[in-house]
Amino acid sequence: MPHPFQVTARCTTTRARTGRLSLVHGTVETPVFMPVGTLGTVKSLTPEDLTAAGAQIILGNTYHLYLRPGCDVIDRFSGLHRFMNWDGPILTDSGGFQVFSLARLTRITEAGASFQSHIDGSRHLLTPEKSIEIQISLDSDVIMCLDQCIAYPAERAAALAALEITTQWAGRCRKTWREQSGEKNALFGIVQGGMYDDLRRMSAEALTAMDFSGYALGGLSVGEPNQMMYDVAEAALPLLPGDRPKYIMGVGTPEDLVELTARGADMFDCVMPTRNARNGQLFTRRGTLNIANSRHRTDTAPVDSECACYTCRNYSRAYLRHLYQSRELLAYRLNTLHNLHYYLDLTARMRSAIAEGRFEAFRKRFYADREPGGA
Ligand SMILES: C=CCOC(=O)Nc1nc2cc3[nH]c(NC)nc3cc2c(=O)[nH]1
């Protein structure tokens, strides 16, 4: 199928742009934040909650779902959408990152990644072909190539070796995708190369020559200084085709989303809004707050008076603090609803600002609103 992305508006003073990604299960407006639904659920939320919060597309993890519940279970539902009752687009990771970050005794060879399950110790071999087959069986809208993500810092030789494996695997992923899905779903290549601009260029050129539906920058948000992430992204993003979506994986804070959108990124995913919610950290326009802090004990105000989310319209900081201190289940749900709404609203406001030619003013206001000491 022709590649599914159209740029719809461009900022004139930065590389920010808006776009439209037409996928099997729906159209996604970019820049977009994708809530992470690792085990077939965005923790504590129903699909209706996700839609109400403004989610357009969510992320599923191939490694986890393959291990539990297993592809045979999800096959009974012809894919992840019916299994989890989410009928919007889903992007699935290839398993690369999870295998490297979660599994035990992982060994990488050209054949693939052999590893021991972190659940029951069983041994598995994840090949590029297998990763694509699993993602096709999940009926994923955006399939990711199996890549080799390396930690930070990494020697140049290690970064080169990982990118060469990633490139070789990308060719095998593309072949399997063409043969087994008829290119129905989108397939994204993943650029590696550590923090080395010349290796990033090498990776970007090799993947661009293979012609993917979209491209991701891998190997970022792996412990490197934030400015280094911005610099690597700034140098690598323009190397990728301007008419394809550009996705930065595992990123990031609200500031990261603004700064990387300004540098030309279109898609983001991060566990921060959902994971930090469960740890009591809430995001607001003035910065973050920790709901456990005693200063909220009698505070009748909502988390953010300018927030239109269900949590801010119905509950006070005092109540949210009480729930969190009591480890009540409702604490996780209300905190998650608020944080996801904040992230999704932030990207919606960026889309409007870019479309109306006022992204720089938006960016200035974003920083002007932030209180030095947090919300
Ligand atoms: C999920 C999308 C598809 O991703 C893959 O299939 N492989 C992959 N995932 C990553 C995930 C990351 N999270 C962070 N920080 C929290 N850094 C990451 C880097 C990678 C990476 O280099 N490759």
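Both counts, for ligands and for their atoms, begin at 1 and track the order of listing. What you see below is based on every heavy atom in this structure, not just the backbone, and it leaves out hydrogens, waters and symmetry mates.
The pair E234-R263 meets the salt-bridge criterion, since a charged nitrogen lies less than 4.0 angstrom from a carboxylate oxygen.
Each of D93, S94, F97, M144, D147, C149, I190, Q192, G218, G219, L220, S221, V222, Y247, M249, G250 has a non-hydrogen atom positioned under 4.0 Å from some atom of ligand 1.
A ring pair (Phe, Tyr, Trp, His ring centres under 6.0 Å) with Y63 is found for one member of F115, F100, F97 and no other, namely F115.
Listed by chain and number, the residues in a side chain to side chain donor-acceptor pair (under 3.5 Å) with R200 amount to none (sequence neighbours excluded).
The list of side-chain hydrogen bond (donor to acceptor under 3.5 Å, both in side chains) pairs with a residue in residues 30-43, not counting sequence neighbours, reads T38-N61. The ring-ring contact (aromatic ring centres under 6.0 Å, His included) analysis of residues 287-339, with sequence neighbours excluded, yields the pairs Y310-Y315, Y315-Y319.
Between F283 and Y342, the ring planes lie parallel to each other; the angle is under 30°, not in the 30° to 60° tilted range.
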